[in-house]
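Below you'll find the structure, written out as structure tokens, and then a few comments.
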Amino acid sequence: MSIERPATPERGDFIREIVAADLREGRHQTIVTRFPPEPNGYLHIGHAKSICLNFGIARVFGGRCHLRFDDTNPTREEQEYLDAIQADVRWLGFDWGEHLYHASDYFGQLYDWAVHLIRSGKAYVDDLSAEEIRAYRGTLTEPGRASPWRDRSVEESLDLFERMRQGEFPDGARVLRARIDMTSGNINLRDPVLYRILHAPHPRTGDAWCIYPTYDFAHGQSDAIEGVTHSICTLEFEAHRPLYDWLIENLPVPSRPHQYEFARLNLTYTVLSKRVLLRLVMEGLVRGWDDPRMPTISGLRRRGFPAEGIRDFAAMIGVSKNDSVVEIEALEHAVRTVLNRTAPRRFAVLDPLKVVIDNYPEGQVEEIDAVNNPEDPSAGTRKVPFSRELWIERDDFMEEPPPKFFRLAPGREVRLRSAYFVTCTDVVRDARGAIVELRCTYDPATRGGDAPDGRRPKATLHWVSAGQAIRAEVRLFDHLFSRPDPGADGDLFADLNPDSETVLHGALVEPSLAAVEIGETVQFERLGYFTPDRDSTPEGLVFNRTLTLKDTWAKVRALG
Ligand code: ATP
Ligand code: MG
């Protein structure tokens, strides 16, 4: 697989071209797509690509998109996942209207169609074990062998299938298989399993069933029942398409859907597999499915990524038939572009160093007007308290600055954003010699951040007023995995980044930040984008760093 550099913004793709042609040439009047998650985990950014594609096509072509739960495996499915998936699709900005379906809605119909196949000699009950079926199936280079039960009579298969349904046999004792071609070059056509016995209660059908259809048997027929016109899935199902078509052609289904495949999303530094994500959650390696480091939609939301940024990312990478890996920086770039436009600016100091302004009146607090968003004049200004004691960022001061360090140093003047120019006059140390405080003077004529004589300091610093600042916990994140291709050397979990989360306890933030709501993302000036975490309480604010300000992807692209 190659590293892809996503190129142009919102572009037509081969699937949209097929849909457009089908409408133009009258093969369909209305386009119907579906997004078919298995409710066995939370949705991730890969699913977002599929959601944007399926719901996007329905929107652009005036059709509709169904949300259908592919709930054919009761042992792995939970109500929590059903709820989370719906919340995530809605949050992404899509709506299925009244078209919420479940494969389990069709269990009765699917059973009848299985009987139909048996009656027409196209399916049989097989007594081989799962292991034997695998052994008989052959390989890519060897044809399969017929099961000894393949020529069982229609009557006997009908009887056994009925008794499978009645619960007479234990798990794995028998299956229903299609009778297609054991010598087919396509292994999926070598008498695929259609039904298996599973004595497990189902979240929706309870214990009404103890046999469940396979994905292959449920999927296309569900599409046909719902009138889906374009059944869009990822490339690994390409080899299943002949089976999809065989079933549709051999059953009295009410409509004729077609399957189209596109390349799944892969991202550097990221694993998009529910199985792996589930393990991270179960082993307590993250703070749950919505941990801000997780590539889940709920994780990205908790991290502060706006839905618009995720949709823009999907549009930017487009849809193709070639497997590729997209750089995570492309997603971050899309998110930064939205946040730069929308996120209100605020002051926060992550690693505070005290500043005392000797010539500022003791006990005085004034309100400074600070611009909320220089990219958006309509966002207006806010009041920020300023006083004699302030906090600045510790690394904005150096006692012996090297040549390119323009920030605060002894004897040097800098601008405090939106406030005044200050000059450092003295450095206060504790008994061990560590710097604990800076003494400064300010120039009252520079209120608002400009000097009447036109002098311009080389640096502008952010700050908060000590008396009004609020203490906050701030969580900084790095990639969950430490290499761009996690698991390439075999052990995926050995590639987990031990420094993917850093928690700061001593941050001090401007008072207005107490009012930011969960789901809002702000910019801490000069530091990055941050969002309140749901662990916040009135007594203890917690912020997640959504992203730093630096846009590495723009740089990467310039080099490329
Ligand atoms: P996982 O591999 O993470 O377990 P899955 O494919 O088993 O995912 P489903 O719930 O079956 O998960 O997926 C629902 C839909 O989302 C399917 O149509 C699937 O093709 C699509 N999808 C899953 N992963 C990706 C991905 N990485 N990129 C694009 N689409 C995806
Ligand atoms: Mg799947």
Side-chain angles (χ1 to χ4, degrees), residues 1 4 6 13 15 33-58 65-73 75-78 80-86 88-89 92 94 96 101-104 213-216 218-220 222-223 226 228 230-241 244 257-282 289 294-300 310-311 313-326 328 330-331 486-487 492:
M1 287 201 273
E4 178 172 284
D13 53 66
I15 296 180
T33 57
R34 86 286 168 267
F35 173 64
E38 190 180 343
N40 62 348
Y42 281 56
L43 298 180
H44 54 61
I45 181 78
H47 295 114
K49 175 178 180 176
S50 176
I51 292 166
C52 290
L53 178 61
N54 280 294
F55 281 93
I57 284 176
C65 181
H66 300 177
L67 177 62
R68 183 201 313 142
F69 287 109
D70 179 22
D71 56 349
T72 52
N73 191 342
T75 59
R76 293 192 305 209
E77 293 157 10
E78 286 174 28
E80 178 191 351
Y81 301 142
L82 292 158
D83 297 339
I85 288 168
Q86 294 182 59
D88 287 347
V89 175
L92 271 177
F94 299 105
W96 51 89
Y101 303 111
H102 302 77
S104 57
T214 55
Y215 169 88
D216 281 320
H219 202 86
S222 301
D223 288 339
E226 294 174 19
V228 167
H230 298 76
S231 180
I232 303 166
C233 60
T234 40
L235 281 178
E236 62 271 27
F237 292 101
E238 196 167 17
H240 293 239
R241 179 158 25 100
Y244 185 103
H258 286 270
Q259 178 183 302
Y260 301 93
E261 308 87 17
F262 69 101
R264 60 189 291 119
L265 173 69
N266 301 295
L267 270 183
T268 55
Y269 296 99
T270 307
V271 175
L272 297 181
S273 150
K274 279 188 278 191
R275 192 177 43 79
V276 171
L277 300 180
L278 176 65
R279 219 183 118 186
L280 292 170
V281 173
M282 289 304 172
W289 281 101
M294 290 279 270
T296 50
I297 294 174
S298 55
L300 299 175
I310 296 173
R311 292 195 303 267
F313 168 69
M316 179 168 85
I317 58 172
V319 175
S320 84
K321 271 226 172 249
N322 303 314
D323 267 321
S324 68
V325 182
V326 175
I328 185 84
L331 172 61
L492 185 65

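Each ligand, and each atom within it, is numbered from 1 in the order the structure gives.
If you look at Arg275 next to ligand 1, there are no close heavy atoms at all, none under 4.0 Å.
At least one heavy atom of Leu272 lies less than 4.0 angstrom from ligand 1. Contact analysis leaves Glu236 out of contact with ligand 1, as no non-hydrogen atom separation drops below 4.0 angstrom. Heavy atoms of Phe35 come nearer than 4.0 angstrom to ligand 1 in at least one pair.
Here's the thing with Leu265: one of its N/O atoms is less than 3.5 angstrom from an N/O atom of ligand 1. Below 3.5 Å of separation, one finds an N or O of His47 facing an N or O of ligand 1. On a distance-only criterion, Thr234 and ligand 1 share at least one N/O pair closer than 3.5 Å. Below 3.5 Å of separation, one finds no N or O of Pro36 facing any N or O of ligand 1. Polar contact check, His44 against ligand 1: a nitrogen or oxygen pair lies under 3.5 Å apart.
Annotation: side chain of His47 is not in contact with side chain of Asp88 (no heavy-atom distance under 4.5 Å).
Salt-bridge check for Arg68 with Glu38: failed, with every basic side-chain N at 4.0 Å or more from each acidic carboxylate O.
Within the listing of ligand 1, atoms 3 (O) sit less than 4.0 angstrom from a heavy atom of Ser273.
Residues passing the ring-ring contact (aromatic ring centres under 6.0 Å, His included) test with Phe69 are His102, sequence neighbours excluded. Not counting sequence neighbours, His258 has no partner by the ring-ring contact (aromatic ring centres under 6.0 Å, His included) test.
In terms of heavy-atom proximity, Ile317 sits nearest to Lys49 at CD1-CD, 4.1 Å.
Centroid-to-centroid, the aromatic rings of His219 and Tyr215 come within less than 6.0 Å.
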Requested in this report: Could you check His230 against Tyr260 for ring pair (Phe, Tyr, Trp, His ring centres under 6.0 Å), going step by step and ending with a plain yes or no?
Outcome: CA-CA 7 Å; His230 298 76; Tyr260 301 93; 5.5 Å; yes
